[in-house]
Amino acid sequence: MNIRTRLTLLFVLLVASIVLLFTVSVYYLYDQFREQEFQQRLSEKAFTTVRLREDVGEVPRADLPVMTDEQVTIYNRQGTVLYNQETKRPRFPVTPAFLGKVAPQKPQYNRIGDTEAIAVLHLNARKEPLIIVASGNDRYGLSKLDRLREILFSGWLLSLVIVGIAGYLFATDALRPVAELITQVNAISATNIHERLRVGRPRDELADLARTFNDLLIRLEEAFVLQKSFVSHASHELRTPLTVMMGQIEVTRLQARTTDEYEVAFDALLDEVKSMIRLVNGLLELARASSDVVTLNYQPVRIDELLWQAQSQIISKKPAYQIDIDFDNLPVHEEELVIVGEESLLQTAFQNLMENGCKYSPDGGVSVRILFERGQLKLTFSDQGYGIPQEDLPHIFEPFYRSESTMTINGHGIGLALTRRIIELHHGHIQVDSVVGKGTTFRITLPTTYTPTQASGGTHKLGESISG
Ligand code: ADP
């Protein structure tokens, strides 16, 4: 059942119940009122009859207002009939118990079918108690009651129809924005992901929903555009070396070559293949770092050891590079050096930053500094190289983004994207400061496993010895 039908039914049910309660109350109260009124008339009739009989000795029939099936009977305490107004009409049947219950100021009422009776007590001149039973049929009252019932019932039915229609229209109106939103959302696909939902009435909840959905679309579009550009960049980066390699092979095959010439050609091909392998490895690592976190193997790792390892890895490949690692201050507790993370990923991140520092500096040097702060580890990778222009700074962490100023230096633009992803995976932050011609500094903050319990610093200044 859809929401519109459910809302309509609920609305009808609610209003129908309220109207029914009201209708039944009106009917019941009116019935009570009619009954009281008729009892009043009957008891007046009873007293008038007995007084007339006592005062005048007879009851002049024509002068009194007459009720339908009217009958007045006077009994003594023993239940003997002393007087019967309509001798031809049957008396209202009463039992001795009923008569016995009648007391002064305490008349008794009874009803058989449409005939109602009231029994009242009267003391005659000799102070003898007489019980007068006046009965009759409240034809007008009962017919008014029947009419009222018909009116109320048909009114109730009519109100059901009106409420049903009104409820349906109301639900349709209330849900129209939802239907519009559904139509608009259905119209959005990968080809027109830039489109946004119209917000409609600006202050209601559906407008909030539309805005939330639009925010989601913005994020999706960004991811989508990134994905698209990622694929085209990756294809381009792979095609370029392949084209170069194909050209080299074709040129080499044009004529017979000497062994030396073949060697030169193969070396050039090998360089291209190595570069491609580096790119593919970078892409694989990026895919791994972007995949589900639970697939990663998190373990406690010592950050200083990782840095030394990263340094020796790079030096073994590029001995000309200068990588200095310094402690700004030394930790008191060994745990301050430990962070929980994926060793291989962290090493990749540090290698990228060290390699970039050396690669993009004429002196081929980078300086790494480590600073310990409560529960945090701060690393800076500074070089005195070419620097990054201000307009490039916001983009350098995007995959495949390379600054125009350093295009001549080999690279694929994957390293920093991967590094940032790795640092984020370890709940850390990475920032960059750079001045063109002066150098670049990357700052990394990583949480350590150590939780400081005391306010005392817990760090030594550089130069103090580390115990152990
Ligand atoms: P790659 O170095 O392979 O090009 P990265 O993602 O590591 O890819 O770096 C992206 C871009 O950021 C580089 O192309 C370069 O323009 C710039 N960059 C990164 N590190 C430095 C640095 N230390 N000094 C100057 N420019 C840098």
Side-chain angles (χ1 to χ4, degrees), residues 225-290 309-323 344 347-366 383-389 391-392 395-419 421 436-437 440:
V225 168
L226 214 69
Q227 183 107 12
K228 261 175 43 184
S229 75
F230 186 88
V231 172
S232 72
H233 275 111
S235 324
H236 179 76
E237 287 290 325
L238 286 169
R239 199 181 52 187
T240 312
L242 284 173
T243 317
V244 171
M245 282 158 72
M246 201 170 79
Q248 281 173 346
I249 294 170
E250 276 170 1
V251 169
T252 312
R253 285 185 69 231
L254 280 178
Q255 59 190 72
R257 307 276 177 186
T258 62
T259 317
D260 285 351
E261 282 171 334
Y262 278 123
E263 208 168 295
V264 171
F266 277 132
D267 281 351
L269 286 176
L270 197 62
D271 280 350
E272 293 297 340
V273 171
K274 277 185 188 161
S275 158
M276 276 179 73
I277 288 174
R278 265 202 307 280
L279 171 65
V280 172
N281 282 343
L283 287 176
L284 279 175
E285 290 229 53
L286 192 61
R288 195 161 83 89
S290 307
Q309 280 168 18
Q311 182 202 40
S312 59
Q313 289 271 336
I314 295 173
I315 301 287
S316 67
K317 282 188 275 175
K318 302 267 170 73
Y321 284 173
Q322 272 286 318
I323 303 169
S344 62
Q347 217 189 85
T348 306
F350 297 155
Q351 276 188 29
N352 282 338
L353 294 174
M354 288 176 181
E355 221 171 333
N356 277 356
C358 300
K359 199 162 72 169
Y360 299 113
S361 323
D363 64 349
V366 65
D383 62 68
Q384 288 165 354
Y386 310 117
I388 306 169
E391 63 274 16
D392 290 336
H395 304 289
I396 54 163
F397 291 106
E398 290 169 13
F400 298 107
Y401 190 86
R402 305 203 68 217
S403 174
E404 284 290 334
S405 56
T406 53
M407 271 307 179
T408 48
I409 299 168
N410 274 346
H412 298 291
I414 293 286
L416 285 183
L418 178 59
T419 303
R421 179 70 196 136
V436 176
T440 307

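- For E261, the side-chain contact (heavy atoms from CB on, under 4.5 Å) partners two or more places apart in sequence, or in a different chain, are R257, T258.
- Of all the heavy atoms in L418 and A289, the pair that sits closest is CD1-CB, 4.1 Å.
- Listed by chain and number, the residues in a side-chain contact (heavy atoms from CB on, under 4.5 Å) with Q227 amount to none (sequence neighbours excluded).
- A side-chain donor-acceptor contact under 3.5 Å links H412 to the backbone of S275.
- In this structure, the separation between OG1 on T243 and CG on L238 is 10.5 Å, given to the nearest 0.5 Å.
- For E272, the side-chain hydrogen bond (donor to acceptor under 3.5 Å, both in side chains) criterion is met by no residue, not counting sequence neighbours.
- For the atom pair D267 CG and Q248 CD, the distance stands at 10.5 Å (nearest 0.5 Å).
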* To do: Please step through side-chain contact (heavy atoms from CB on, under 4.5 Å) for the pair M245 and V273, ending with a clear verdict.
  => CA-CA 8 Å; M245 282 158 72; V273 171; 3.5 Å; yes
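- Residues I409 and Y386 come closest through the heavy atom pair CD1-CE1, 3.6 Å.
- Among residue pairs with one or both ends in residues 231-272, those qualifying as ring pair (Phe, Tyr, Trp, His ring centres under 6.0 Å) are H233-F400; sequence neighbours excluded.
- S403 is linked by a side-chain hydrogen bond (donor to acceptor under 3.5 Å, both in side chains) to D392, S405, counting only residues two or more places apart in sequence or in another chain.
- Separating the CD atom in E237 from the CG atom in L283 is a distance of 9.0 Å, to the nearest 0.5 Å.
- For residues 309-320, every residue pair satisfying the side-chain hydrogen bond (donor to acceptor under 3.5 Å, both in side chains) rule, not counting sequence neighbours, is listed here: Q309-Q347.
- Heavy atoms of other residues, nucleotides or ligands lying less than 6.0 angstrom from CD of E391 number more than 12.
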* Just do the side-chain contact (heavy atoms from CB on, under 4.5 Å) check on F350 and I314 with the steps written out, would you? => CA-CA 10 Å; F350 297 155; I314 295 173; over 6 Å; no
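- Of the inter-residue distances, the one linking N281 atom CG with K274 atom NZ reads 13.5 Å to the nearest 0.5 angstrom.
- Listed by chain and number, the residues in a side-chain contact (heavy atoms from CB on, under 4.5 Å) with S344 are R288, E342 (sequence neighbours excluded).
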Donor-acceptor pairs are to be reported for all side-chain atoms of residues 352-363 against protein atoms at under 3.5 Å, with residues two or more places apart or in another chain.
residue : atom : partner : partner atom : Å
N352    : ND2  : T348    : O            : 3.4
N352    : ND2  : G415    : O            : 3.2
N352    : ND2  : T419    : OG1          : 3.2
K359    : NZ   : N410    : O            : 3.1
Y360    : OH   : R402    : NH2          : 3.1
S361    : OG   : G357    : O            : 2.2
D363    : OD1  : G365    : N            : 3.2

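- With sequence neighbours excluded, no residue forms a side-chain contact (heavy atoms from CB on, under 4.5 Å) with V264.
- Distance check: L284 CG to I277 CD1 gives 11.5 Å after rounding to the nearest 0.5 Å.
- Atom-to-atom distance recorded for Q322:CD and I315:CD1 is 7.0 Å, nearest 0.5 angstrom.
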